Asker: 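Quick one: this structure, given as structure tokens, is what I'll be asking you about.
Remember, predicted model here, so these are calculated numbers, not experimental data. All chains are named by letter (A, B, ...) in the order of the sequence lines, taking the proteins before the strands, and each is independently numbered beginning at 1.
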Number of protein chains: 2
Amino acid sequence: GDKAPVDWQGSFNCSYNFGGPGFKNTSAFSGSDVQLNISNYGEIRNSSNVMGVIRGSVEPDRYVIYGNHRDSWVHGAIDPSSGTSVMLELSRVLGAKVKQGKWRPRRSIIFGSWGAEEFGLIGSAEYTEQYLPKLSQRTVAYINVDIAVFANATLRASGMPSVQNVIFKAAKQVNAPGVDSTSVYENWMKYSNRTSPEHGTIPRMGYLNGAGSDYAAFVHYLGITAMDLSYTYDRSKTNARIYPAYHTAYDTFDYCSKYIDPGFVSHQAVARTAGNALIRLADSLVLPLNCSDYAEGLEDYLRTAVGLYEGQLQMWNISMEPLKSAVANFRKAATRMDRTIHSLDLANETPLKVRKINDQLMLLDRAFLDPLAFPDKYAFRHVIWASSSAGKSTFPGLADAFASANNSLGEPSAQHKVHYHLSVLSQAIDSAANTLDEVI
Amino acid sequence: GDKAPVDWQGSFNCSYNFGGPGFKNTSAFSGSDVQLNISNYGEIRNSSNVMGVIRGSVEPDRYVIYGNHRDSWVHGAIDPSSGTSVMLELSRVLGAKVKQGKWRPRRSIIFGSWGAEEFGLIGSAEYTEQYLPKLSQRTVAYINVDIAVFANATLRASGMPSVQNVIFKAAKQVNAPGVDSTSVYENWMKYSNRTSPEHGTIPRMGYLNGAGSDYAAFVHYLGITAMDLSYTYDRSKTNARIYPAYHTAYDTFDYCSKYIDPGFVSHQAVARTAGNALIRLADSLVLPLNCSDYAEGLEDYLRTAVGLYEGQLQMWNISMEPLKSAVANFRKAATRMDRTIHSLDLANETPLKVRKINDQLMLLDRAFLDPLAFPDKYAFRHVIWASSSAGKSTFPGLADAFASANNSLGEPSAQHKVHYHLSVLSQAIDSAANTLDEVI
């Protein structure tokens with residue numbers, strides 16, 4: 001057909017045209033109205049979470065949870081079955097080791113094959129709500145691999161800054177598919193990187209500040225440290241956010257094996273990376289979560305916030321000093337914690353001393369929860385990673401409150417909300433710093 | 001003066017009369033209006049929490065907190081200084097042992113001398129809010145001794161049912177003042193007892209469902225297991241709830257030493273009982289918290305709720321089965337936990353196995369928290385012990401929602417709130433049961 005209008009054009013480097021002859025100006029249907037008969041109907045259906053567990057040998061009461069949904073629109077070869085195949089392979093390999101008596105992780109591993117994700121993350125939300133206290137008290141981390149392979153250029157990873165270290169270590173030990181003698185890590189760095197004050201040039205990891213997959217309840221409602229992994233596009237060639245057959249009847253095994261990941265080598269790379277991270281989290285004596293990287297993330301958010309808001313806030317007589325001081329306290333506590341970890345004599349520490357440190361690391365994200373921080377957003381309790389409509393790469397509640405106050409043209413109650421949220425935020429960061437500090 | 005009207009009569013066995021001649025019918029002032037000139041003014045004053053800590057030797061990251069306020073209306077010899085003297089004595093004795101190198105508790109002990117209690121529990125509320133995550137993650141129990149001695153007849157104790165066991169054991173090891181060869185426990189039983197399905201006749205402990213002293217934030221906002229101890233009246237002789245000089249300028253050392261506790265023997269009994277409980281909580285290998293006693297408390301509340309509400313709820317088409325099943329699940333999990341504890345080979349268990357059980361016991365009350373359970377009551381999050389205006393000895397949110405619905409004469413939204421709270425409650429009890437169950 002004819003070329004479609006500019007704002008109908010998609011993200012691939014090709015021309016997007018209208019469909020068949022009926023769409024042409026010369027068509028007999030040109031200028032017609034379309035009558036759409038909707039025959040949807042509501043129906044109650046069951047959807048199950050299917051769970052698998054490997055009991056931990058030393059700390060069975062510490063969980064590393066690995067999950068993905070199982071339901072799909074139509075066939076769903078890629079969404080979710082690319083992720084499901086990765087999870088099944090991991091559970092097969094680890095399960096075999098356990099059954100052979102060759103290995104059992106230090107901590108418990110829980111695999112969750114969630115139901116009803118496409119209807120609103122229902123399976124994982126129900127699971128986390130039903131078991132909230134024990135999951136919140138005992139979960140070290142949640143790993144999500146939903147669409148494992150969007151495309152076959154590079155790893156994409158999102159998560160709390162404290163898992164960056166885990167993902168990097170894992171990605172360095174896996175070969176990148178289709179590139180000789182290159183690790184997933186090196187390959188990733190070529191496609192997407194940033195400069196870290198502490199680490200220099202490193203791959204760029206994203207944050208989990210949306211609710212795009214089953215990590216949402218873990219991150220936003222329970223404050224559990226989480227990561228989401230996949231293989232994806234070369235962003236220099238396309239700004240597509242999704243593969244073309246996504247959520248259509250064309251998302252089939254044939255499509256996946258022919259066009260998205262011939263040979264399933266990207267699936268394999270994701271499985272190896274995610275599995276490596278899973279084992280690190282479940283089996284390391286000291287949890288590999290890095291709180292100084294978290295400090296870097298907070299400092300980055302703070303820098304952006306100061307740049308965007310401080311001038312205006314001063315005019316409203318609102319000080320950012322408490323926030324600055326909280327972030328500085330967090331950095332100090334993180335440095336102290338790092339020093340404590342590095343000075344551990346791992347072979348000789350008592351189990352309870354290591355557990356003390358691991359508990360501090362595990363529970364760090366819980367300290368950022370405030371169930372009253374976002375009164376208008378049910379299920380968002382994590383003050384750092386909640387979703388935001390302001391579109392700024394900084395503290396979400398502050399960004400949203402500032403945008404409202406700015407649009408309100410001087411309404412004092414809107415400015416008061418900015419001030420209030422700044423208190424909530426500073427208090428949460430200070431509290432988190434306190435949990436990293438020496439325990440007494 | 002003349003005898004005051006019946007509903008002005010107080011709780012002591014004496015006649016309560018009007019004051020001087022000005023109150024007589026024959027007075028020149030009879031029938032006059034009174035003009036009251038109020039010269040209060042607001043002023044910002046500082047009030048400090050004074051903290052003391054003993055670092056735990058084995059689990060420094062586990063806290064037993066002991067507290068009382070320090071501020072008073074006027075002199076406050078009894079409120080709060082009777083409690084303060086008990087705390088100072090305990091910290092002196094334990095501090096001396098620690099300084100002499102003779103003893104250090106397994107867990108950390110934190111003494112809190114709270115400021116500004118009389119102005120709304122401000123000192124303890126600020127402390128718990130400021131350090132919420134770490135206190136919530138690490139606090140084994142909170143012991144409150146505010147007015148240590150109301151009168152000198154018997155011990156009075158309130159707390160979560162899981163501390164009953166700790167208080168009983170402590171009270172059995174302390175001699176009752178003024179009664180030969182009788183323990184505080186035996187003496188208490190004479191004044192106030194009940195029949196427990198499991199333990200037979202035992203002293204009657206109260207619940208902490210109000211906000212009468214600094215335990216409030218610990219119990220209601222953080223869900224920390226707590227107890228409140230004092231010596232009090234013979235209730236068969238008076239239904240006074242407070243000593244006559246309470247909150248007046250007559251609450252002096254002279255008054256206390258002459259009329260309330262000559263020889264300070266009741267102070268001593270409270271100090272010994274509270275100190276004994278403190279040491280049990282801080283120094284026992286396995287925490288002495290008893291979850292089966294908690295089950296008994298829930299069953300008691302359930303029985304009352306079923307008796308009061310089930311008939312009417314059936315007419316509203318609201319089932320109490322989920323609540324019954326949750327309480328039954330809790331009992332089952334508690335029995336299992338008790339069995340696990342009794343089968344421990346204490347000399348040979350690994351530190352992490354004991355820690356696992358202790359964490360389950362410590363965090364049990366946290367599982368009953370729901371920050372959205374009482375939308376109209378800020379700072380009440382514990383679904384079992386929140387305050388209630390219904391005046392029934394059962395689940396507070398259910399009692400209040402039922403009373404509202406009953407008064408609303410068939411308003412569906414009021415009935416819906418009963419149904420909703422029943423879900424919140426059942427879910428919380430089920431969650432708590434889950435935390436007691438085998439961890440994986």
Asker: Would you say the side-chain atoms of B:Thr128 pair up with the backbone N or O of B:Ala217, donor to acceptor, closer than 3.5 Å?
Answerer: no
Asker: Is the ring centre of A:His421 less than 6.0 Å from the ring centre of A:Phe395?
Answerer: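 So the answer is no for these two rings.
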Asker: Which one wins on heavy-atom pair count under 4.5 Å against chain A: B:Gly56, B:Ser136, B:Pro133?
Answerer: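 Counting heavy-atom pairs under 4.5 Å, the top option is B:Pro133.
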Asker: Determine the option with the most heavy-atom pairs under 4.5 angstrom with chain A, choosing from B:Arg366, B:Arg138, B:Lys353.
Answerer: B:Arg138
Asker: What are the two closest heavy atoms between A:Ala333 and A:Leu436, and how far apart are they?
Answerer: CB-CB, 3.8 Å
Asker: Closer than 4.0 angstrom, basic N to acidic O: yes or no for B:Arg336 and B:Asp437?
Answerer: yes
Asker: Do you know which of A:Arg62, A:Gln137, A:Lys134 has the most heavy-atom pairs under 4.5 Å to chain B?
Answerer: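 If we count pairs closer than 4.5 Å to chain B, A:Gln137 comes out on top.
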Asker: Would you mind checking which part of A:Asp359 comes under 4.5 Å of any heavy atom in chain B, side chain (CB onward), backbone (N, CA, C, O), both or neither?
Answerer: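 Side chain only.
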Asker: Quick one: does any side-chain atom of B:Gln360 pair with a main-chain N or O of B:Thr435 as donor and acceptor, under 3.5 Å?
Answerer: yes
Asker: Relative to chain B, which segment of A:Phe368 carries a heavy atom at a distance below 4.5 Å: side chain, backbone, both, or neither?
Answerer: neither
Asker: Which answer fits A:Leu372, side chain, backbone, both or neither, if we ask what part of it has an atom under 4.5 Å from a heavy atom of chain B?
Answerer: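 The side chain, not the backbone.
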Asker: Tell me, side chain or backbone of A:Ile110 under 4.5 Å from chain B's heavy atoms, or both, or neither?
Answerer: side chain
Asker: Any salt bridge linking A:Glu438 with A:Lys356? Criterion: basic side-chain nitrogen under 4.0 Å from a carboxylate oxygen.
Answerer: yes
